[in-house]
Visitor: 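Right, I'll just put the structure down here and ask away after.
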Number of protein chains: 2
Amino acid sequence: MNGLKIGRVAEIVEVSVDTIRFYERRGLLPEPDRTDSGYRVYARGDVRRLRFIKKAQEIGFSLNEIAELLALRTDDRKTCEDVQRRVQTKIAVINERIIQLEAFRRALSRLEAACTGDSTPASECPVIEALDDESVGSCKSQTPLAEM
Amino acid sequence: MNGLKIGRVAEIVEVSVDTIRFYERRGLLPEPDRTDSGYRVYARGDVRRLRFIKKAQEIGFSLNEIAELLALRTDDRKTCEDVQRRVQTKIAVINERIIQLEAFRRALSRLEAACTGDSTPASECPVIEALDDESVGSCKSQTPLAEM
DNA sequence: ATACACCCTTGACCATACTCCAGAGTCAAG
DNA sequence: CTTGACTCTGGAGTATGGTCAAGGGTGTAT
C-alpha cells in the first residue's frame, strides 16, 4: 500500500506537485526515497505531514512557523507549553493586525462620510483634499496595508 | 525658492532617495527636470505629491491604488463619486480581511484553550494533535495569513 | 514501436515595496 | 587640488508562497 508517487500524493492532499517539491526545498518535507529511475516515493507519513501543513496554513501560520511547529512535534524535549506559547504569540500578532485594520477602516470611513458622492470634480473631493493638504488624523500606522 | 535636489526632498518628506527614484519608475512621480549634470530637480508640487502618497499609504492604500487616486485627482472628468466608490471598495476589502483574521483568531483560541500548558510532550499537545489528525473545525479560509 | 501520461532538474517569474550595491560623475569647501 | 558629500544608472537582493517553462527521461498500454 505504500510507495506513492508525487502526482498521487498531490491528488490526495490537493496541492500541486510543484508545491510538494517546493516544500521539500523549503525543508518542510524530508527528502523522500527514490525509485531507481529517480522518482520520489512517499509514504503515508508524508501525506499526514502535508495535511498538517495545510491545516496549519488555514489557521494562519506561515511556512516558517509551520516548520517550527513540525520541529516541535518531533522534538522530545519540547512540551505542550512550548506549543502553547507559539499559539499565544500568533494570537497576539493577529490581534495587532486586526487593530491596525480597524484603524484603517475608521480613517477611511471618516473620509467616505465627508464625500458628497456627487459630480463635484474629483480634485475637490474631500478625500482627495484630505490627502492633499491635511493630516488624516489618528491613523499612526507605519505598516502599509499590503504588508499585512 | 524652487529647485530641490533629491536628497533634500527625501529629508523633507522623510522617505529615502531610493524610494523617490522607485516611485518615479513606478509612475507615481513624473520625471523631474534635470540640471545640466543630470541631477533631478524637484518643485514644491512634487513634495506635495509625495506627501499625498505617504498619507494614502498610511490609511491602507497600495501603490497601485494610490496611482489611481493620483490619476483621479487630476482628471477633470472624474468626480467625487468616483473617489467615494474607491474608498468604499477599499473599506469592503478591509472588512473582509478583518473577518478572516477574526476567524483565524477564533480557531487559534480554541486550540490554545485545549492546551494544558504543562510539560506534556509536544507531540501529545492538543494543538499538534488537532493539526495532525483531525479537522480544526470551522475555519474554512482559503487564504494563508501571509497573503493578507 | 510509439503514443501519452508521468516524472526529473534548473531556473525564471508573479506581486509588493522597497533597499542596497558598484562604479562613476558632480560640486562646494578648505 | 583634494576631500567628502551628494548624485547618477543599472541591476540585484529581501520576504512570501508558490507557479510555470524548457528540455529531458520513464513507464505502461495498445
Side-chain angles (χ1 to χ4, degrees), chain A residues 3-29 31-42 46 50 53-68 70 90 93 97 104 141-148, chain B residues 3-29 31-42 46 50 53-68 70 90 93 97 104 141-148:
Chain A
L4 301 161
K5 275 182 290 180
I6 196 168
R8 184 79 187 105
V9 173
E11 200 182 325
I12 291 170
V13 185
E14 295 181 271
V15 295
S16 74
V17 296
D18 280 326
T19 299
I20 294 175
R21 285 190 282 244
F22 172 70
Y23 287 170
E24 185 184 322
R25 276 202 304 284
R26 282 287 309 258
L28 291 170
L29 291 175
E31 294 199 3
D33 288 344
R34 300 286 182 136
T35 64
D36 289 348
S37 52
Y39 286 16
R40 288 173 178 79
V41 177
Y42 294 97
D46 296 308
L50 267 169
I53 294 168
K54 262 194 98 180
K55 282 182 205 159
Q57 267 194 310
E58 278 165 16
I59 60 175
F61 286 102
S62 71
L63 294 186
N64 280 342
E65 290 165 336
I66 292 167
E68 284 181 31
L70 284 165
K90 191 74 197 174
V93 169
R97 290 183 183 178
F104 290 159
S141 166
Q142 261 92 61
T143 311
L145 180 60
E147 281 179 23
M148 311 188 60
Chain B
L4 302 160
K5 276 183 287 177
I6 196 168
R8 184 78 188 105
V9 173
E11 201 183 323
I12 292 170
V13 186
E14 297 181 88
V15 295
S16 73
V17 295
D18 280 325
T19 298
I20 294 174
R21 287 191 281 244
F22 171 70
Y23 287 170
E24 185 184 323
R25 276 201 305 283
R26 281 287 310 258
L28 291 170
L29 291 176
E31 294 200 3
D33 288 343
R34 301 283 182 139
T35 64
D36 290 347
S37 52
Y39 286 15
R40 289 171 178 79
V41 178
Y42 295 97
D46 297 307
L50 268 169
I53 294 168
K54 260 194 102 182
K55 283 182 204 158
Q57 268 194 309
E58 280 166 12
I59 59 173
F61 286 101
S62 71
L63 294 186
N64 280 341
E65 289 165 336
I66 292 167
E68 283 181 32
L70 285 165
K90 192 74 197 174
V93 169
R97 289 180 183 181
F104 290 158
S141 166
Q142 261 92 59
T143 311
L145 181 60
E147 281 179 23
M148 310 191 58

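So you know, we letter chains A, B, ... as the sequences are listed, proteins then strands, and number each from 1.
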Visitor: Is there a donor-acceptor pair under 3.5 Å between the side chain of K5(A) and the backbone N or O of Y39(A)?
Guide: no
Visitor: Without decimals, in angstroms, what is the distance between F22(A) CZ and dC13(C) P?
Guide: 17 Å
Visitor: Please work out if R40(B) contacts a base, only the sugar-phosphate, or nothing of the nucleic acid, heavy-atom cut-off 4.0 Å.
Guide: sugar-phosphate
Visitor: Under 4.0 Å from OP1 or OP2 of dT19(C): is there any side-chain N or O of S16(B) that close?
Guide: yes
Visitor: How many whole angstroms separate atom CD of E24(B) from atom C1' of dC8(D)?
Guide: 11 Å
Visitor: With respect to the side chain of R21(A), which nucleotide from dC27(C), dT9(C), dC18(C) is positioned closest?
Guide: dT9(C)
Visitor: Would you please confirm or rule out a distance under 4.0 Å between OP1 or OP2 of dG18(D) and any side-chain N or O of Y23(A)?
Guide: yes
Visitor: If I take atom CD1 in residue I20(A) and atom P in nucleotide dC8(C), what distance separates them, rounded to the nearest angstrom?
Guide: 10 Å
Visitor: Can you tell me which nucleotide in dT7(D), dC7(C), dG18(D) comes closest to the side chain of K5(B)?
Guide: dT7(D)
Visitor: Any idea which heavy atoms bring L4(A) and V9(A) closest together, and the distance?
Guide: CB-CG2, 3.6 Å
Visitor: Rounded to the nearest angstrom, tell me the gap between atom OH in Y39(A) and atom C1' in dG25(D).
Guide: 7 Å
Visitor: Whether R40(A) and E24(A) form a salt bridge (side-chain N of Lys/Arg under 4.0 Å from carboxylate O of Asp/Glu) is what I want to check.
Guide: yes
Visitor: For dG25(D), does either OP1 or OP2 sit under 4.0 Å from a side-chain N or O belonging to R34(A)?
Guide: no
Visitor: Counting only side-chain nitrogens and oxygens, does R26(A) get under 4.0 Å of the OP1 or OP2 atom of dA15(D)?
Guide: no
Visitor: Can you tell me how far P of dT16(C) sits from CG of L63(B), to the nearest Å?
Guide: 9 Å
Visitor: Rounded off to whole Å, could you give me the CD-to-P distance for the E11(B) and dC6(D) pair?
Guide: 9 Å
Visitor: To the nearest Å, how far apart are R25(A) CZ and dT16(D) P?
Guide: 15 Å
Visitor: Verify the contact: side-chain N or O of Q57(A) to OP1 or OP2 of dG18(D), cut-off strictly under 4.0 Å; return yes or no.
Guide: yes
Visitor: Any side-chain N or O of N64(A) less than 4.0 Å from the OP1 or OP2 oxygen of dT16(D)?
Guide: yes
Visitor: Charged N to carboxylate O below 4.0 Å: is that the case for E58(B) and K55(B)?
Guide: no
Visitor: Between P on dC8(D) and OH on Y42(B), what's the gap in Å once rounded to a whole number?
Guide: 7 Å
Visitor: Can you tell me how far the CD1 atom of I6(A) sits from the CD atom of E11(A), to the nearest 0.5 Å?
Guide: 13.0 Å
Visitor: Picking from dC8(D), dG18(D), dC8(C), which would you name as closest to the side chain of T19(A)?
Guide: dG18(D)
Visitor: Tell me which of D18(A) and T35(A) sits closer to the 5' end of DNA chain D, going by the nucleotide each one is nearest to.
Guide: D18(A)
